[in-house]
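Below is one structure, written out as C-alpha cells; comments come after it.
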Amino acid sequence: MPRRYWLLKSEPDVFSIDDLKKAPSQRTVWEGVRNYQARNLLRDELQKGDGVLYYHSNAKPSAVVGTATVVRTGYPDPAQFDKKSDYHDAAATEENPRWYVVDIAFESIFKHPVSLETIKETRALSEMVLVKRSRLSVQPVTEAEWKLILRLGGGS
DNA sequence: GCCAACGTTGGC
DNA sequence: GCCAACGTTGGC
C-alpha cells in the first residue's frame, strides 16, 4: 500500500499544532473522535507512515497549519472507558469498544498556513472533502492535494 | 454568539 | 424504517 494522506481537524483551543510540537516525544493520541464515518477511517484505513494535514477548525482563520505522521494504527480510544473523561461512552466496553484512535507525531509547522479561504479559492483544491463535506473530522486527501497544500504552505 | 448543515436518537 | 426532535460542528 503506497503512502496515503489524511486531514485531521482540531480546534486550536483544545489541541493545537503547537501543543503537538510541545508534547512528550512530539506525539499524541488522537482521541475524542465521535463520528462513525471518521471512526471507520481511524480504525481501518490510516496506516503507519501516512501523511496528515493538521487543520485548525473554529480558528482565526481556520487553516491547514502543518503536517504530522501516523505512528500507530487504529486501536480502541482509551477515553471512552474513562468515566471522568469528556469522551466517556457508557455504551462502550473493553470487549466491544465503539471508538478508535491513532497516534500521530509532529512533522512540521507551515511558514504560511493555508486558510480555508485560500483552499476555496484554489481550483485544484475545490474537490477537497473539507469543502464538500465540511463536518467530517477525519478526511482522505489526494496526493495532488497534499503536494499542492505543502507547496502553498511554503515548507516549515 | 448565531445559526445552517448535518449526524444521531428514539417514538411510532 | 420513517422522520421529528435534538445535539454538535464549525464558518462567519
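Everything numeric here is computed off the predicted structure, so don't read it as measured data. Every chain is numbered from 1, with letters handed out A, B, ... down the list of sequences. Side chains included, hydrogens not; waters and symmetry mates left out as well; all remaining heavy atoms used.
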Fill in: Between C:dT9 (C1') and A:L130 (CG): distance, integer Å
13 Å
Worksheet item: Going hydrophobic residue to hydrophobic residue with side-chain gaps under 4.5 angstrom, can you get from A:V52 over to A:V33?
Response: yes
Worksheet entry | Length of the CD-P vector between A:E11 and C:dC12, whole Å | 15 Å
Item to complete: Examine the side chains of A:R133 and A:Q37 and answer whether a donor and an acceptor come within less than 3.5 Å of each other.
Response: yes
Worksheet item: Near DNA chain B, which residues from residues 30-42 of chain A have a heavy atom under 4.0 Å away?
Response: A:N35, A:Y36
Worksheet item: Is A:R3 positioned over the aromatic face of A:Y5, cation under 6.0 angstrom from the ring centre and no more than 45 degrees off axis?
Response: no
Worksheet item: Distance check: side-chain N/O of A:K9 vs OP1/OP2 of C:dT9, anything under 4.0 Å?
Response: no
Discussion item. Would you say A:K120 places a side-chain N or O within less than 4.0 Å of OP1 or OP2 belonging to C:dC12?
Written reply: yes
Item to complete: Check whether the side chains of A:D103 and A:Y75 place a donor and an acceptor atom closer than 3.5 Å, and report yes or no.
Response: yes
Fill in: Criterion salt bridge (Lys or Arg N to Asp or Glu O under 4.0 Å) on A:D77 and A:R34, from CA distance to verdict
CA-CA 10 Å; A:D77 185 345; A:R34 293 295 179 266; 3.0 Å; yes
Item to complete: Taking atom types as modelled, find out whether A:E11 and A:S57 have a side-chain donor-acceptor pair closer than 3.5 angstrom.
Response: no
Response to the item:
To the nearest angstrom, the CZ-C1' distance between A:R133 and C:dT9 comes to 12 Å
Worksheet entry | Contact letters for nucleotides 2-8 of chain C, in which S counts primed atoms plus P, OP1 and OP2 and B counts the base, heavy atoms under 4.0 Å | -----BB
Fill in: Residue whose closest nucleotide on DNA chain B lies nearer the 5' end, A:N58 versus A:K132
A:N58
Worksheet item: Do the side-chain N and O atoms of A:W6 and A:D50 include a donor-acceptor pair separated by under 3.5 angstrom?
Response: yes
Discussion item. Is there a side-chain contact between A:F81 and A:Y87 in this structure, where contact means two heavy atoms from C-beta onward sitting under 4.5 Å apart?
Written reply: no
